[in-house]
Protein chains: 2
Amino acid sequence: MATIRDVSKLANVSVATVSRVINQSGYVNEVTEKAVRQAMETLSYVPSDMARSLAGKKSATIALIVPDILNPFFPELARAVEDAAHQLGYTVILCNSDHDPEKERNYFGMLKNKRIDGIIVASYTIHPQQLLELQRQSIAAVVIDNHFPSHPILALQSKNREGAVMAVRHLLDRGCTTIAHISGPLEILPSRERLLGYELVMREHGMFAPSLIAEGDFHVEGGYRAMQELLKLHPDIDGVFAGNDLMAIGALKALYIAGKAVPQDVKLIGFDGIALATVVPELSTIAQPIAEMGKLATHYLMRQIRNEPVECKTHELDVRLLVRQSTTD
Amino acid sequence: MATIRDVSKLANVSVATVSRVINQSGYVNEVTEKAVRQAMETLSYVPSDMARSLAGKKSATIALIVPDILNPFFPELARAVEDAAHQLGYTVILCNSDHDPEKERNYFGMLKNKRIDGIIVASYTIHPQQLLELQRQSIAAVVIDNHFPSHPILALQSKNREGAVMAVRHLLDRGCTTIAHISGPLEILPSRERLLGYELVMREHGMFAPSLIAEGDFHVEGGYRAMQELLKLHPDIDGVFAGNDLMAIGALKALYIAGKAVPQDVKLIGFDGIALATVVPELSTIAQPIAEMGKLATHYLMRQIRNEPVECKTHELDVRLLVRQSTTD
DNA sequence: ATAGTATGTGTAACCGGTACCGTAACTATG
DNA sequence: CATAGTTACGGTACCGGTTACACATACTAT
């Protein structure tokens, strides 16, 4: 593997000149440049990013920490982040934390070792101190789908409560009178926000009852079980707001098995707007701008990395009601 | 950010000694070690992987190139690869090639620059020369879901043809007489293999007709369109073998809209065994051992990296028939 | 004519580690 | 008691780049 010195020898110039050619910095004569490029070619020289990073003190690498890439929310996020990063010449390291603080700490250690330039972290188990600690080591950080209002941490979040309100209002508009909610795990902030939105509207209409709420796990299976429980307690349910699309799909299965037709007997709406919610019947949902979040997160991160001014606060993104078959007769 | 020299100064030892402590190599007195660790602690020193990689000539990083992480096949793969790699102390860089040779070359360049230790690539557009070129730069490579029989390249693949045979036989067993096939893009090798398996069985039974085949795009949308076309030509179709699960979901939608009940009127089977095939009705499918593939690929890669002997040939993995609701009355 | 600026290139000191080599004291062996 | 092995360190040349600084020359403006 050829090095910059090999090239410099072959081209009869100094390493500085070769470096200038590579980086298009400083003055280099056209003729010299040609000679250098020729030498690089014949040696099939590829500059080492490692050495470059070491000397230049930047790795052009960021990390994306997600709980589990298997949850379809996160591939969409990952895709957007990777696209944006790649366009800016950055590389993305993928990490699955599994909601496990231990694993998370472990990753943080690795990433510090690697001197990566920044982290985008979607985690509900993370502690604000960990982020601040990172910033102290001058590693930029952006949090997604979680926030820490009392700390100077840049966070990106959808308007979860507002979205929940939209969802429940939509069910009411469609004539539902007994509306259940399948919440996500309540230690997760967005779950609580969505629950709150649900509660708000239900109370407004004097329809609130704790037994209309079941806690799921954000997965198909949990939605399925929660729906079964709910049906046992309230066979007359005619509307369901699931805390995310996966649980909505689980609910759909449970309803199907219970012989309830969607949307005729029960109207169902999810949250997230993942691409795969194209089941039969197609799922109405509150769509988060997932790709937008990923892109924005990456751009905010870059600004931090470049020390450009950014407001280290929570940025809230609008959600959209997507009316599809599961709430339309 | 403290360096090894800072630590060595504070602990009154040489950098060599600190290095020995860090790597637990060579001889270090207990007392000295304690002093060094103490110094590392007070300076909150974190060794730089970059410098280490540069000196040690290995990056402990591998890359995973997939066409598109949005296709649910690939998160499962990514998850398995990341898990296996992480356990072995490796970091995974994620790349989306979008089936775009240009983007692919671009990534290959970046990865060479980074001196990563190895690449796992799931691509149908890649050329064997590119892989051999990598190996020449002593970057290990494993190919997934594609293969190059005439080159010394380690590849991992499911038994696609065999799986297709199983799928069609299953439909026959269920009493289907007019069985259509929605193939994946035919420039993709596994698509052709599956098509071949289908054709084989159909010919065996004298049921083959080219018009029973429609080409899809491995996505829901393409499956949907292909199914519509097929129904136009053959309203009497009573069995469908889709080239992957996403297209099967698309077909399901088309059938639903056409008023065909699954599985009563038409039996439907997919391919892949992605976790999300839990729609209603649940999809029968030929399950690939995706996680197994990811894990195996990573382990093979490691062996190559460590220069352990590995057979650079195509390794074939067994598939499994999962009978679920879409083929069961 | 002269200072000032633009152009072109080389030298060498970094970046933050690893690892080989040398030194030195202490212990074991014959 | 000579010799060799073990233990415990330090010195320093790498790894492959970047970049500040020095130096030289040519061109411009005053």
Side-chain angles (χ1 to χ4, degrees), chain A residues 1-37 39-40 43-61 89 109-110 112-117 137-139, chain B residues 1-37 39-40 43-61 89 109-110 112-117 137-139:
Chain A
M1 189 118 276
T3 76
I4 198 174
R5 283 167 234 270
D6 298 332
V7 176
S8 76
K9 257 171 228 159
L10 185 61
N12 272 315
V13 294
S14 72
V15 292
T17 304
V18 179
S19 179
R20 279 182 210 114
V21 171
I22 296 170
N23 299 296
Q24 319 224 55
S25 65
Y27 294 111
V28 179
N29 185 290
E30 263 189 63
V31 183
T32 317
E33 171 161 359
K34 221 152 246 161
V36 170
R37 292 212 181 277
M40 290 177 24
L43 293 173
S44 68
Y45 164 75
V46 184
S48 156
D49 267 352
M50 249 178 232
R52 214 186 246 185
S53 303
L54 183 57
K57 311 204 149 279
K58 49 180 36 60
S59 60
T61 302
M110 285 186 74
K112 277 184 210 163
N113 279 331
K114 284 210 178 285
R115 302 286 192 276
I116 58 161
D117 298 330
Q137 316 223 2
S138 70
I139 296 180
Chain B
M1 187 118 274
T3 75
I4 198 172
R5 282 166 237 271
D6 298 332
V7 176
S8 77
K9 256 170 228 158
L10 186 61
N12 272 315
V13 295
S14 72
V15 292
T17 304
V18 179
S19 179
R20 278 181 213 116
V21 171
I22 296 170
N23 300 295
Q24 318 223 52
S25 66
Y27 295 108
V28 179
N29 188 291
E30 262 188 64
V31 184
T32 316
E33 171 161 357
K34 223 153 245 159
V36 171
R37 292 210 181 278
M40 291 178 19
L43 293 173
S44 69
Y45 164 75
V46 185
S48 155
D49 267 353
M50 246 180 236
R52 211 187 271 207
S53 301
L54 183 57
K57 316 212 149 269
K58 48 178 39 60
S59 62
T61 302
M110 285 186 74
K112 276 183 210 164
N113 280 327
K114 284 211 177 284
R115 302 288 191 277
I116 59 162
D117 298 331
Q137 315 222 4
S138 71
I139 296 180

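Chain naming here is simple, since letters A, B, ... match the order of the sequence lines and numbering starts at 1 in each.
- Counting only residues at least two apart or on different chains, no salt bridge (charged side-chain N to carboxylate O under 4.0 Å, His left out) pair has a member in residues 3-26 of chain A.
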Collect all protein-nucleotide pairs involving nucleotides 25-27 of chain C in which both atoms are nitrogen or oxygen and the distance is under 3.5 Å.
none

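- The overall bend of the helix from C/dA1-D/dT30 to C/dG30-D/dC1, read as the angle between its terminal helix axes built from five base pairs each, is 40° when rounded to 10 degrees.
- Atom CD of B/Gln24 is separated from atom C1' of D/dA8 by 16 Å (rounded to the nearest Å).
- In this structure, CD1 on B/Ile116 lies 11.0 Å from CD on B/Gln137, to the nearest 0.5 angstrom.
- Following rounding to the nearest Å, A/Lys114 (NZ) and C/dG16 (P) show an atom-to-atom distance of 17 Å.
- Residue A/Asp117 comes nearest to A/Ser59 through the heavy atom pair OD1-N, 3.1 Å, listed as atom of the first residue, atom of the second, then distance.
- A straight line from CG of B/Asn29 to C1' of D/dT7 spans 9 Å, rounded to a whole angstrom.
- The heavy-atom pair separating B/Tyr45 from B/Thr3 by the smallest distance is CE1-C, 3.6 Å.
- Among the protein residues, A/Asn113 comes within range of no part of the nucleic acid, since none of its heavy atoms lies under 4.0 Å from any strand.
- If B/Tyr27 and A/Met50 are placed on DNA chain D by their nearest nucleotide, the residue sitting closer to the 5' end is B/Tyr27.
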Polar-atom pairs under 3.5 Å, protein N or O versus N or O of nucleotides 18-24 of chain C: list them with distances, or write none.
residue : atom : partner : partner atom : Å
C/dT18  : OP1  : B/Asn23 : OD1          : 3.3
C/dT18  : OP1  : B/Asn23 : ND2          : 3.1
C/dT18  : OP1  : B/Arg52 : NE           : 3.4
C/dT18  : OP2  : B/Ser19 : OG           : 2.6
C/dT18  : OP2  : B/Asn23 : ND2          : 3.3

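- We find that CG of A/Leu54 is positioned 12 Å from P of D/dT19, with the value rounded to whole Å.
- For the pair B/Lys57 and B/Thr32, both in contact range of DNA chain D, the more 5′-proximal nearest nucleotide belongs to B/Thr32.
- Look at A/Ser48 and you won't find any side-chain N or O under 4.0 angstrom from OP1 or OP2 of D/dG16.
- Between atom CG of residue B/Asn29 and atom NZ of residue B/Lys34 there is a gap of 10.0 Å, rounded to the nearest 0.5 Å.
- In this structure, B/Gln137 places its CD atom 15 Å from C1' of D/dG16, rounding to the nearest Å.
- Considering all non-hydrogen atoms of both residues, B/Ala11 and B/Ala35 come closest at CB-O, 4.1 Å.
- Of the residues listed (B/Lys112, B/Lys114, B/Arg115), the one engaging B/Ile139 in a side-chain contact (heavy atoms from CB on, under 4.5 Å) is B/Lys112, and it is the only one.
- For A/Glu33 and C/dT9, the CD to P distance is 10 Å, given to the nearest whole Å.
- Residue B/Val46 is in sugar-phosphate contact alone, with no base atom involved, counting any heavy-atom pair closer than 4.0 Å across all strands shown.
- Between A/Ser14 and C/dT9, a side-chain N or O to OP1/OP2 separation shorter than 4.0 Å is absent.
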Taking distance alone, no hydrogens or angles, what donor-acceptor pairs closer than 3.5 Å link side-chain atoms of residues 50-57 of chain B to residues at least two apart or in another chain?
residue : atom : partner : partner atom : Å
B/Ser53 : OG   : B/Asp49 : O            : 2.7
B/Ser53 : OG   : B/Lys58 : O            : 3.3

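- Summarising the geometry, the separation between CD on A/Glu30 and P on C/dG8 is reported as 9 Å, rounded to the nearest angstrom.
- The side-chain contact (heavy atoms from CB on, under 4.5 Å) check on A/Val21 picks up A/Val28, A/Glu33, A/Val36, A/Arg37, with sequence neighbours excluded.
- Here the P atom of nucleotide D/dG16 and the NZ atom of A/Lys9 are 12 Å apart, to the nearest Å.
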